S.K.: 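Dropping a structure here in structure tokens format, bear with me for questions.
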Amino acid sequence: MNPKLRTFLVWLGVLVALCGLGLVAAVGGTIEGAGSDGLRPVLLVLLGVVALLAGLAWWGRRVQSQQGVGNLNDFRRNKSRLLMPDAEKTRFTDVGGAVEAKQVLGDVVRWLKDPRRWEEAGVRPPRGILLEGPPGNGKTLLARAVAGEAGVRFFVTSATDFVELFVGVGAARVRDLFETAAKHSPCVIFIDELDAVGRRRGAGVGLNNDEREQTLNQLLVQLDGFERQGRFVVLAATNRSDVLDPALLRPGRFDIRVRVGEPSEADRVEILAVHARGRRIEGIDLAAVAAATPGWTGAALERLVNEATLRALRRAENGSVAVLPADFDAALAAERAATRHLDALDAVLIDSMSQVAEPAGPARAEFSLLDGSTIVGGIIWANPELIKLQVDGEPLARVVPRAQIRSARVVHHALPAAPPGEPASSSPSEDSA
Amino acid sequence: MTDLLDPIRLASILVMWLSLSVHEWAHARSAYALGDDTAKALGRMTLDPMAHVDFVGTLLLPLIGVPFGWAKPVPVNPTRFRRDVKMSFGMMLTAAAGPASNVVLSVLCLGFFAALWNVAPTLAEGPAGQIVAIAMVMNLLLAVFNMVPIPPLDGSRVAAHFMPRSLLPFWHGVERAGIFLPFLVIWGLRAVGIDIFAPFVALCYDLLRAVIP
């Protein structure tokens, strides 16, 4: 029921009851006058009751201290935040791409809203869903969208909340979380960064893993659902699913694994469209931007749009802020400048890895230096300022400052051709040319 | 007064229930205004008496015939206040909001009592007037009682704001002693002849008499 309506009804009921009592009192005729003498006994009793009160409080205290709980209780409370059904405004439409993830999570949302169809069909209710994938691809966003779509209570917690100095506290918190969830069902529990507690047991060095293992064991037990009551589902997110304990992933626990991977080009268009919402973006071909940003995560695209808008704001001073293609180009260029030397290093590293597959040797390039000489050699290592080369015919490797390189040409390159729209910045030589 | 089903007594329980709800709501609402949404998230920022029911304090005691009680305290987390509010000052404001709401209710009841006497004296002479008068007295006494500066009452939080920092650990230690401590002190004072409620009760009587035409 609408809480406001309920409040109103309770107050109305109490007031009606008051009127009724007044009538009874009037008819019963046992009423003393409204004068002050009539009030005195009330006050006397009011004060006299204090004895009973104090006794009760004293007794309650004693029982509590005998049990030895007291203030430790607060410690064991789970720190999860409770999102009220209407607090979360995120919807699936706010998540670009991730079609499969949305499909799986959409099923869960429908189950939360109306479990009957699942029951009729004989489908076992979902227990745990693991969202996995590299950082910045929208795992947490998807979880928020589930909260928004399902319209049920949503408990948000991070697995790091379970980690505490004191042994046993983490396990107690897990239990508390599931108990709270059972009480508030239907609901969703979301555990972010699951790998903080979910690491493979017995892998660490030293003995101080006991606490984490206890926490994990408790989580396993709760997921099993032996004690599970109520309609709720556990969502977890991690970008290190490889280190998770296999017991977490077995059927019956986190048995639905949703991969939230890097967005495809079509996904990127969608993501850009989501971020373009609410901003005045004029004459920009989002498809072209998407094509020019292969391998970018949703978070990176968000930053790109934000950066472009910031530039537009800077330009506009006052008046309405309209984002033009030039802003996007500038933001893209800035982004590339910031990452180009990393790209260069990556290219070299990738090249040297390709050595394994291809015995042709490391990335080789021909450099013409400022002193007029030309050297050909394999790139051993590179950073923004220096390149280390094994020059042909020289016994020792040479470190060449990039500033001394006039131009460069890759002789052997194991990388595929650069995608369209992407300047060939992935080549180590590009940047010094 | 010994009759458990005395309608006036039952009525005063209901009045107390409503008053305590307003009291707890005032705590929650003021904390929310200062940026702490703990109480709101727990569904306590509501005037709905059902949300504030304490099993012993609000249901059991009145049912066994005790015309007194309490509601579930509203949790306030000062670390969630807005950054421009000092934590101790914010705590003082939220603590004072509860008793203040009871004072407001008390004044409203007094006004209603006066209006009743002027509009419908026959009603005012009967149980209706009595219930309103009880509501007025009860709310003022609730405010007075809660402002007694002894932990864990609201008054202690107000007092904490004016206390040197070095005393605070001790003060919070006293809070652990539980709800019976203020009663002990109030009773102790009564035993030596100081009744902190007496002047307020007298004030209530004076006010109530004053508005009767």
Side-chain angles (χ1 to χ4, degrees), chain A residues 3-11 13-62 64-65 70-71 81-84 87 153 184, chain B residues 1 3 6-12 14-15 17-18 21 40-43 46-51 56-57 61 64-70 113 117 123-134 137-138 141 176-181 183-184 186-187 190 195 197 201 204-205 208-209 212:
Chain A
K4 275 189 181 147
L5 181 67
R6 205 179 77 149
T7 307
F8 176 73
L9 285 179
V10 172
W11 275 76
V14 171
L15 290 177
V16 167
L18 274 179
C19 293
L21 287 169
L23 273 178
V24 170
V27 173
T30 56
I31 312 300
E32 301 142 81
S36 48
D37 288 345
L39 290 171
R40 199 170 285 281
V42 178
L43 295 167
L44 273 179
V45 177
L46 196 139
L47 287 168
V49 150
V50 161
L52 184 65
L53 233 170
L56 264 175
W58 173 243
W59 179 70
R61 241 6 281 161
R62 236 182 36 152
Q64 223 180 26
S65 61
N71 296 314
R81 266 180 324 118
L82 170 63
L83 288 183
M84 294 311 271
R153 275 175 241 249
H184 288 102
Chain B
M1 276 304 141
D3 182 8
D6 177 41
I8 293 296
R9 205 188 59 82
L10 288 177
S12 62
L14 291 179
V15 167
W17 199 26
L18 296 183
S21 302
K40 186 185 162 85
L42 290 169
T46 165
L47 284 167
D48 182 359
M50 298 306 288
V56 176
L61 281 195
I64 60 167
V66 179
F68 191 78
W70 63 88
F113 187 73
W117 269 100
L123 258 182
E125 265 176 278
Q130 196 178 351
I131 290 171
V132 176
I134 288 176
V137 177
M138 183 184 288
L141 290 190
R176 302 250 166 77
I179 184 85
F180 75 97
L181 187 66
F183 293 114
L184 217 64
I186 291 170
W187 262 18
R190 264 174 74 82
D195 184 350
F197 292 116
V201 175
C204 285
Y205 287 160
L208 287 172
R209 271 196 214 98
I212 295 174

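In this text, all values refer to a predicted model and were calculated from it rather than measured experimentally. Throughout, protein chains are lettered first and strands after them, A, B, ... in sequence-line order, and every chain is numbered starting at 1.
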S.K.: If you compare all heavy atoms of Leu47(B) against all heavy atoms of Trp11(A), which two are closest, and at what distance to 0.1 Å?
M.R.: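 Closest approach of Leu47(B) to Trp11(A): O-NE1, 2.8 Å.
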
S.K.: Considering only heavy atoms and a distance below 4.5 Å, find which of Leu18(B), Thr46(B), Leu181(B), Val15(B) pairs most often with chain A.
M.R.: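 Maximum pair count with chain A is reached by Leu18(B).
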
S.K.: With a 4.5 angstrom heavy-atom cut-off, which part of Leu14(B) approaches chain A: side chain, backbone, both or neither?
M.R.: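 Interface part for Leu14(B): both.
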
S.K.: Can you tell which part of Ala128(B) gets under 4.5 Å to a heavy atom of chain A, answering side chain, backbone, both or neither?
M.R.: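 Looking at Ala128(B), nothing touches chain A.
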
S.K.: Measure distances from Val10(A) to the heavy atoms of chain B and classify the residue's part below 4.5 Å as side chain, backbone, both or neither.
M.R.: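 For Val10(A), side-chain heavy atoms alone lie under 4.5 Å from chain B.
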
